[in-house]
Amino acid sequence: MEPIKVQSEGGLNVTLTIRLLMHGKEVGSIIGKKGETVKKMREDSGARINISEGNCPERIVTITGPTDAIFKAFAMIAYKFEEDIINSMSNSPATSKPPVTLRLVVPASQCGSLIGKGGSKIKEMRESTGAQVQVAGDMLPNSTERAVTISGAPEAIIQCVKQICVVMLEAYTIQGQYAIPHPDQLSKLHQLAMQQTPFTPLGQTTPAFPGLDASNQASTHELTIPNDLIGCIIGRQGTKINEIRQMSGAQIKIANAMEGSSERQITITGTPANISLAQYLINARFRDVAAMWNDPSSMTTS
């Protein structure tokens with residue numbers, strides 16, 4: 001595997017989650033014998049790499065971490081796929097090397113930003129990186145997301161992923177400031193954490209969310225959160241809310257604080273699967289923060 005040269009982009013080092021759609025064979029290559037390849041990728045990149053369970057022909061690989069860790073993980077995956085292509089060519093008469101191809105899962109609401117006005121942004125990405133970039137016209141089955149296919153040399157793919165990350169970060173509007181709740185807010189935290197939306201596997205219905213039953217129809221759900229706890233959901237510089245948006249695929253809007261009101265409205269839009277996952281992640285965040293206050297030694301992890 002070639003050495004990976006990934007520079008951290010100035011001012012871009014915030015936490016982000018990117019998801020990939022992979023065939024079983026590709027997943028096997030990433031996992032490696034006894035999970036050794038994925039373990040090395042996690043250790044060397046510093047990114048969290050999770051692979052969805054299930055016997056679906058297609059699986060979701062979720063990569064979370066600071067942007068420079070994400071770029072390193074993508075570089076390792078791209079070089080691994082190139083290695084697989086070279087190995088397969090040694091047993092075939094083909095002379096021209098096919099490009100490495102990765103498929104990203106991107107919320108449909110962000111695809112417009114990736115394409116740009118009159119296709120200007122996607123054209124700029126193709127020209128500046130040398131990678132081929134295609135945004136699927138149709139959404140993935142039972143989902144509010146589209147597949148974005150990137151193909152080319154590993155170096156071109158990494159540059160392209162960097163540009164996509166920038167576009168996705170620009171698509172978010174970060175509202176509110178980060179705040180850790182005062183210990184006397186813990187009862188509220190526990191109360192909110194107990195309002196957990198069940199997240200039960202209901203059959204393999206969609207590659208985007210294996211184990212969730214969902215219809216294509218987008219709907220809206222509203223939550224009310226006390227003002228003094230909204231910071232737990234937003235996270236430092238908006239990192240937590242961005243992570244929840246990315247992982248759930250839902251659109252999440254936080255209303256501005258109303259004068260005289262002690263509560264803030266959160267509006268979640270997406271398929272029932274998106275909404276269910278967003279609610280689960282929000283409740284999980286409350287549980288994490290409540291646990292952090294019970295165990296002060298874990299406070300650095302927030």
Side-chain angles (χ1 to χ4, degrees), residues 14-19 62 64 105-113 142-145 168-200 208-209 212-293 301-302:
V14 296
T15 302
L16 192 61
T17 298
I18 304 284
R19 285 168 302 155
T62 306
T64 305
V105 179
V106 177
S109 58
Q110 290 178 10
C111 287
S113 305
N142 305 315
S143 173
T144 57
E145 289 158 310
M168 290 172 98
L169 286 165
E170 284 172 351
Y172 295 135
T173 50
I174 297 166
Q175 297 172 308
Q177 294 298 310
Y178 182 79
I180 286 189
H182 193 266
D184 64 14
Q185 300 296 338
L186 276 177
S187 57
K188 279 189 198 171
L189 276 171
H190 283 299
Q191 198 179 351
L192 285 159
M194 288 305 105
Q195 297 168 3
Q196 180 181 334
T197 306
F199 186 55
T200 314
F209 292 103
L212 276 178
D213 182 26
S215 72
N216 240 337
Q217 203 169 345
S219 56
T220 298
H221 183 82
E222 292 192 341
L223 294 175
T224 305
I225 307 281
N227 264 342
D228 40 19
L229 298 182
I230 203 75
C232 308
I233 299 302
I234 295 170
R236 199 182 302 278
Q237 295 182 310
T239 53
K240 292 298 170 189
I241 192 71
N242 287 349
E243 201 172 297
I244 293 168
R245 284 176 177 133
Q246 285 283 342
M247 290 178 82
S248 67
Q251 291 181 42
I252 305 171
K253 289 181 181 168
I254 300 171
N256 291 326
M258 297 291 287
E259 201 174 336
S261 171
S262 63
E263 295 178 324
R264 299 271 283 276
Q265 201 79 14
I266 294 182
T267 307
I268 309 170
T269 307
T271 64
N274 298 143
I275 291 170
S276 175
L277 186 48
Q279 282 182 275
Y280 175 83
L281 293 167
I282 286 168
N283 287 319
R285 179 70 189 142
F286 283 129
R287 288 196 302 280
D288 288 349
V289 175
M292 180 186 77
W293 274 97
T301 62
S302 176

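All values derive from a computational prediction rather than experimental measurement. Numbering of residues begins at 1 and proceeds along the displayed sequence.
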Rounded to the nearest 0.5 Å, what's the gap from [atom1] on [X] to [atom2] on [Y]? Could you check?
X: Ile282; Y: Lys240; atom1: CD1; atom2: NZ; result: 13.5 Å
X: Thr62; Y: Arg19; atom1: OG1; atom2: CZ; result: 6.5 Å
X: Ile252; Y: Ile244; atom1: CD1; atom2: CD1; result: 6.0 Å
X: Glu243; Y: Leu281; atom1: CD; atom2: CG; result: 8.5 Å
X: Lys253; Y: Ile266; atom1: NZ; atom2: CD1; result: 13.5 Å
X: Ile275; Y: Thr269; atom1: CD1; atom2: OG1; result: 6.5 Å

Problem - Considering all heavy atoms, the nearest Gln246-Thr17 contact - result: OE1-O, 2.6 Å
Fill in the blank from the handout: Between Leu223 and His221 the two heavy atoms that sit nearest each other are CD2-NE2, 3.7 Å
Measure the shortest side-chain to side-chain distance between [X] and [Y] over non-hydrogen atoms and say whether it is less than 4.5 angstrom.
X: Thr144; Y: Ser109; value: no
X: Ile233; Y: Leu229; value: no
X: Thr224; Y: Gln265; value: yes

Practice task
Say whether, by atom type as modelled, one donor and one acceptor occur between the side chain of Arg264 and the main chain of Asn227 under 3.5 angstrom.
Solution key: no
